[in-house]
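Okay, structure first, notes after.
Here is the naming used below: chain letters follow the sequence lines, and residue numbers restart at 1 for every chain.
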There are 2 protein chains.
Amino acid sequence: MVPKAGFSREDLCLVCQDTATGYHYGVPSCNGCKTFFRRTIMKRQKYICQNENNCPVDKSIRCACRFCRFEKCLQVGMNKNALQQSREPIGYTKRTRRVPRKVSFDSSLSEEDSSVGTPERITPPESPEEVYSLSDNYLKVLSSREKCANDLRLSEYLPKRSLKEALCSKPLLSDPNFMNKHGYPSLRHTFSELRFIQQSDYHYWHERDWFLLTEYAKSFEIFQYFPYEDKVQLVRHAGITIPVLVQCFNSPNMGPDTVVFPDGAYFDRTHEPSRPAGLNKKKYQMLDLVLKPMRDIQVDHVEFAAFKAITFLNPDAEISLESKRIITDERVAITKQLYSYMVRKDGIEIALERFSRLILMSSSMSKMACESKEAVWIADFFMNIGFSNFAKELFFGENEDENEMKMWS
Amino acid sequence: MVPKAGFSREDLCLVCQDTATGYHYGVPSCNGCKTFFRRTIMKRQKYICQNENNCPVDKSIRCACRFCRFEKCLQVGMNKNALQQSREPIGYTKRTRRVPRKVSFDSSLSEEDSSVGTPERITPPESPEEVYSLSDNYLKVLSSREKCANDLRLSEYLPKRSLKEALCSKPLLSDPNFMNKHGYPSLRHTFSELRFIQQSDYHYWHERDWFLLTEYAKSFEIFQYFPYEDKVQLVRHAGITIPVLVQCFNSPNMGPDTVVFPDGAYFDRTHEPSRPAGLNKKKYQMLDLVLKPMRDIQVDHVEFAAFKAITFLNPDAEISLESKRIITDERVAITKQLYSYMVRKDGIEIALERFSRLILMSSSMSKMACESKEAVWIADFFMNIGFSNFAKELFFGENEDENEMKMWS
DNA sequence: CGTTTGTGGTCAAAGGTCAG
DNA sequence: TCTGACCTTTGACCACAAAC
């Protein structure tokens, strides 16, 4: 693209002697020969001369023999290497060609200024506008799945079933018939009539959110291929963290320390003496490690969907090595897309900050998962809180011996 | 001049790998990508990818997909705000400096001077912005500090002292006199004469690595300002993870399941019946959750230094809210710096993959921290393993009552 | 006060378009 | 179909100002 010294508009195309429009592929040449050369190379076209391979080539008859025209292009020095890789199509929406000008002798030197001379001053955008990307296909899937899960959470639907039934039955979230029938809010779940939470509310929402967790798990394609024992372990490992995440994110913001459930039950930093000390402590962890950071970062629903998936797909669960590998790969893929999404949304500076904070929350989630299981176990064992059979299956396995093993392993 | 070790790609455009002409909008880049980025922003252009939004972008085909090219510009960190927003026909803003040059100490990474103590940052961070700008040097500081720590680990030096003495005494790693005197390898610590590990070896290396942990902790400038109780909690929380990290990273690669200590003691996946079941299980976790991933990712020493700091600066420890905040900010700053380093080293695609895998390891570390404390407690309580007083202080606190509280809280 | 660095602008020369 | 006048995009190079 360095202007060749000494070129003037009077120069002629070295191929056909037409008026040259500049240097093309290293040679002063006209538009026609330039385009002809490029097309020939790009389409790898081969020509054959009908005569003696020495046809004359000039402006009037340059189209007569393509073989000899191309030969001439090469002879005068057109350089194949000056061709570039195909570019993206521009796709003109409409023909913006100027009104054909009458050709005159002097217009060629002065015409530029009329249209090009005073372009309006282009200024950068004042504010960053939304640049949402379609590149994050998986994120969109996760996000709409999250929407369905929330619809179901607000509904009345809550089946009684064993853990095995829950994990092996047909997925509901991806079933349009089911969702049409049940996926609308219950009148009781409209976040109205606030009242302080009671034991029965905790139970109700834990049961609901554990039910939702099993459906959420099944909504991952990879999940169906895992051995049953891995499914149980994965859901068990997420048994505390996912409900906590869901409860925090879906709570309307009624102050920094308040979590509201859809039926209006709420809790805050109030110490509840009737609950085991461990569960009170977990409540504070939930406020400090999840609610506050998520509000600080201002996690949006796409980011939430991704982070929830990252939290669920935890290779630290006690599953087979093959399942660990699959889960890790899935997790990394989501993490990468999440980063891309955040960069597009906020720009690199802010995105890297928010991304780091969000991803580093996963270590807090792990801590909660680990400690809470212990606390739940102790709560049940010593306080006789009375979990449902489903919850006991979820956390403790099918029999008491297994529990003992877990406690001391 | 600070040598640019590890920044081998600095002369290449991070977007397309063409020769970079300098930093543009915050990123080493070529003229083409620079101009492309500016034009896209100025003209508010939106592109659509014809494929899967993951087109490769390099010198030869960078024009093939403008969507993916622009996406990559953002990914590698091109900053929209670096475009000048002035309404004047020509407006210039302040240049964006990438490395503050005012600090003149630079012995950190020079070759032979490893015995010299690591200088800490001279001025404490007054604002988040200052932390960020200084953090360009932060990885270098962490990396050379790590070198000192390893020198001390290989030495003979191992004082007997209480936890309080350890945490409140003068930092040794940054003391050139001390490091000159003691920071050279012991003859016994040369990784020769392999032999299977014994109980006494475990004890010896745990004691060494706990000693090193306290010195490592003190090497953080923020650490000295924490209340004593927070210091204890922070070190306690890192009591398992940091030694495990150090042992894995510094072990020569003698196969996928083998960890070798400097004196030649090694362990592998062999079940050791004489050890408590919990500690055997932790050993497997160490191999699966730390050794294997670190070798898969091929963590280099700068990345290791950063990840170790991220692991140590864990806001999940039971410390005051103010300390949590300080630690989180420090952690996030290191994380951002680590990401930048990896992008410079590997390019965006590989870096994002490796970064995600590495950062997500922090949740495994949290799990280990949580479960291991429990296992250590049980090991001591039931198996009478016989930890030193120092270890007991580290893990269980000063008195038995505190232990009981922790167990059931 | 000169050098280095990173802005924005320029325009020759690439590639793409579509009536003829 | 192929052609080529016309159009858009690209990037090497330049001037300028701020930082060093």
Within the structure shown, what part of the strands sits under 4.0 Å from Lys43(A) by heavy-atom distance: base, sugar-phosphate, or nothing? sugar-phosphate
Kindly confirm or rule out a cation-pi arrangement of Arg69(A) over Phe36(A), judged by NZ or CZ under 6.0 Å from the six-membered ring centre and within 45° of its axis? yes
Without decimals, in angstroms, what is the distance between Lys34(A) NZ and dT8(D) P? 13 Å
Answer yes or no for Arg145(B) and Phe220(B): cation-pi contact, defined as NZ/CZ to six-membered ring centre under 6.0 Å and angle to ring axis within 45°. yes
Salt bridge present between Arg62(B) and Asp58(B) (N-O < 4.0 angstrom): no
Between dA14(C), dG4(D), dC2(D), which one does the side chain of Asn31(A) approach most closely? dG4(D)
Contact under 4.0 Å: Arg69(A) side-chain N or O vs dG4(D) OP1/OP2: yes
How many Å lie between CD1 on Ile41(B) and C1' on dT9(D), as a whole number? 17 Å
note: Lys59(B), atom NZ; dG11(D), atom C1'; distance rounded to Å ~ 10 Å
Which whole-number value in Å describes the distance from Arg66(B) CZ to dT10(D) P? 6 Å
Can you measure Arg62(B) atom CZ to dT9(D) atom C1' for me and round it to whole angstrom units? 12 Å
I'd like to know if the side chain of Ser29(B) and the backbone of Val27(B) have a donor-acceptor N/O pair within less than 3.5 Å. yes
Think Tyr47(B) has a side-chain N or O under 4.0 angstrom from the OP1 or OP2 of dT9(D)? no
Have a look at His24(B) and say if it touches a base, only the backbone sugar-phosphate, or nothing, with a 4.0 Å heavy-atom cut-off. base
Does Ser86(A) reach a base, just sugar-phosphate, or nothing at all? Heavy atoms under 4.0 Å. sugar-phosphate
Would you mind telling me which of dT7(C), dG9(C), dT9(D) lies closest to the side-chain atoms of Met42(B)? dG9(C)
Any donor-acceptor pair, under 3.5 Å, between the side chain of Arg38(A) and the base of dG16(C), if you only look at N and O atoms? yes
Out of dT10(D), dG6(C), dT9(D), which nucleotide sits closest to the side chain of Gln45(B)? dT9(D)
Given atom CZ of Phe36(B) and atom C1' of dA12(D), what is their separation to the nearest angstrom? 18 Å
Separation of dA13(C) P from Tyr25(A) OH (nearest whole Å): 12 Å
Using whole Å, report how far CZ of Arg39(B) lies from C1' of dA14(C). 12 Å
Of Cys63(B) and Thr35(A), whose closest DNA chain D nucleotide lies nearer the 5' terminus? Thr35(A)
Examine the side chains of Tyr47(A) and Thr40(A) and answer whether a donor and an acceptor come within less than 3.5 Å of each other. yes
